[in-house]
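Structure first, commentary second.
Start at 1 and go down the list; that is how both ligands and their atoms are numbered.
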Amino acid sequence: MSNNIFDFIKYYNLDIKKRYGQNFLIDNNIIRKIIDAVDVKNDDVIIEIGPGLGALTQFLFDAKKVIAIEIDNDLVKVLRERFAMRKNFELINADVLKLDLSELLRPFSNIKIVSNLPYYISSAVLTKCLELKNLDSMTVMLQKEVGQRIFAKPSTKSYGSLSILSQYYSDLNIITNVSANCFVPKPNVESVVIKFIMKNIDKYEDEKFLFELVRKSFSKRRKTLVNCLENFYGISKQKITDVLIQNDMDKNIRAEALTLKDFLNLADCIKKN
Ligand code: SAM
């Protein structure tokens, strides 16, 4: 059997399932750039989300272990046959959003995630993976618009909780832009590959609280921060207003004007009050 995606589709009589965001990578140059960015080492454990027909998977086996998570039963059958001889391959037939990834990764170190993410769940998967404790890096293909949200700075249209979460947990590198022609079928959007290198920093002591605060602050973009945070952990509007004034902020400020540092201050002040 060749490595050609079209041959696999024909041989296994596969339907391409739009509902699973199936756009298979066919461009060898882009595949090579992604694999180079992952930088697979012998003692790595590589997690691939949505391996599809194995366009990226085939180049990951220098790692100690490759764990691939694929929702589509039909593709799982193909992958089981295609990589049957690989002793360091584990395939999990599941919805990544329903998996307890922390539990799955608990025994391992040197963990790297790679994915040509299904676009319909890219933000949800990113949010879930960024919060993992023992991750080294994450190299992912995303639609350009999500890429812009990840890199966005305060007071811009794309800035939001995904920007804050990404910039808090990782150093970000753009690996390459990817044209729609590099996939079968062609998606309606252009893509970008981003590498998230997880920061080795002292994390904020109550991250759960911090990111609930960030999400709640951006929950209604047109409303002021005070209105978004009304009843957050039972705190009154007046208390939030007082905290903003203590921090020299306008009481009518909106979340998009706040930097990560502002949110960290705000979280501290709210907790103290
Ligand atoms: N990695 C392959 C490639 O680059 O050619 C396929 C990428 S395709 C954009 C996305 C893959 O994710 C598909 O194989 C799809 O079936 C799988 N997928 C979609 N939703 C998923 C989910 N919730 N959990 C796990 N895999 C999923």
Side-chain angles (χ1 to χ4, degrees), residues 1-12 14-38 40 46-61 63 66-83 86 89-101 103-105 112-129 132 138-147 175-195:
M1 184 96 211
S2 80
N3 276 341
N4 189 313
I5 294 288
F6 297 101
D7 291 344
F8 278 109
I9 292 172
K10 208 165 136 203
Y11 182 81
Y12 288 95
L14 294 169
D15 286 334
I16 295 186
K17 296 176 186 114
K18 238 182 154 176
R19 68 178 184 283
Y20 288 151
Q22 290 179 353
N23 301 101
F24 298 110
L25 247 180
I26 53 164
D27 187 297
N28 289 330
N29 185 33
I30 297 296
I31 292 174
R32 180 49 48 206
K33 283 188 179 168
I34 296 174
I35 298 296
D36 284 351
V38 177
V40 180
I46 308 282
I47 311 295
E48 188 184 5
I49 300 168
L53 289 162
L56 298 169
T57 327
Q58 61 184 322
F59 298 112
L60 300 173
F61 292 110
V66 178
I67 303 176
I69 303 161
E70 174 56 61
I71 198 170
D72 183 345
N73 305 341
D74 295 333
L75 297 182
V76 164
K77 277 186 213 138
V78 180
L79 292 163
R80 284 209 197 291
E81 277 190 36
R82 182 172 183 192
F83 300 124
R86 297 292 186 174
F89 185 47
E90 182 182 340
L91 184 56
I92 301 176
N93 187 187
D95 177 345
V96 66
L97 291 179
K98 294 195 180 139
L99 267 187
D100 185 343
L101 287 178
E103 195 48 42
L104 178 73
L105 301 185
K112 294 174 177 167
I113 291 182
V114 58
S115 184
N116 169 9
L117 276 176
Y119 292 158
Y120 75 111
I121 50 167
S122 48
S123 308
V125 175
L126 280 180
T127 306
K128 184 170 170 145
C129 294
L132 288 169
M138 186 158 68
T139 305
V140 288
M141 169 106 69
L142 301 154
Q143 59 273 52
K144 259 205 177 143
E145 172 268 329
V146 177
I175 302 303
T176 182
N177 290 315
V178 184
S179 123
N181 294 322
C182 298
F183 304 89
V184 164
K186 247 166 107 166
N188 297 326
V189 291
E190 298 292 293
S191 304
V192 61
V193 178
I194 296 175
K195 181 166 183 179

In terms of atom number and element, which parts of ligand 1 are under 4.0 angstrom from non-hydrogen atoms of [X]?
X	value
Asn23	7 (C), 8 (S), 9 (C)
Gln22	13 (C), 15 (C), 16 (O)
Glu70	13 (C), 14 (O), 15 (C), 16 (O), 17 (C), 26 (N)
Phe24	5 (O), 6 (C)

Are [X] and [Y] close enough that some pair of their side-chain heavy atoms sits under 4.5 Å apart?
X	Y	result
Val146	Leu126	yes
Asn177	Lys144	yes
Val96	Ser115	no

I need the [X] [atom1] to [Y] [atom2] distance, nearest 0.5 Å.
X	Y	atom1	atom2	result
Arg86	Leu91	CZ	CG	14.5 Å
Ile113	Ile47	CD1	CD1	6.5 Å
Ile92	Glu48	CD1	CD	12.5 Å
Glu70	Tyr20	CD	OH	8.5 Å
Leu75	Lys77	CG	NZ	10.0 Å
Asn93	Asp72	CG	CG	8.0 Å

Protein heavy atom at shortest distance from [atom]:
atom	answer
atom 5 (O) of ligand 1	Leu25 N, 2.9 Å
atom 23 (N) of ligand 1	Asp95 OD1, 2.9 Å
atom 20 (N) of ligand 1	Tyr120 OH, 2.8 Å
atom 2 (C) of ligand 1	Pro51 O, 3.3 Å
atom 19 (C) of ligand 1	Tyr20 O, 3.0 Å
atom 26 (N) of ligand 1	Ile71 N, 3.4 Å
atom 24 (N) of ligand 1	Val96 N, 3.0 Å
atom 3 (C) of ligand 1	Asn116 ND2, 3.5 Å

For ligand 1, note which part of [X] has a heavy atom under 4.0 Å away: side chain, backbone, both or neither.
X	result
Glu48	side chain
Leu97	neither
Ala94	backbone
Ile49	neither

Distance-minimising heavy-atom pair for Ser122 and Leu142: CB-CD2, 3.8 Å
Heteroatom proximity flag, Ile121 to ligand 1, N/O under 3.5 Å: no
Donor-acceptor pairs under 3.5 Å, side chain of residues 24-38 to any protein atom, not counting sequence neighbours: which ones?
residue: Asp27; atom: OD1; partner: Asn29; partner atom: N; Å: 2.9
residue: Asp27; atom: OD1; partner: Ile30; partner atom: N; Å: 3.0

Non-hydrogen atom of Ile69 closer than 4.0 Å to ligand 1: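 Ile69 counts as a contact of ligand 1 under the 4.0 Å cut-off.
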Side chains of Lys186 and Asn181, donor plus acceptor under 3.5 Å: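 Checked: Lys186/Asn181 side chains pair up, N/O donor to acceptor below 3.5 Å.
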Closest to atom 1 (N) of ligand 1 (judged by heavy-atom distance), picking from Ser191, Gly50, Ser122, Gly21: Gly50
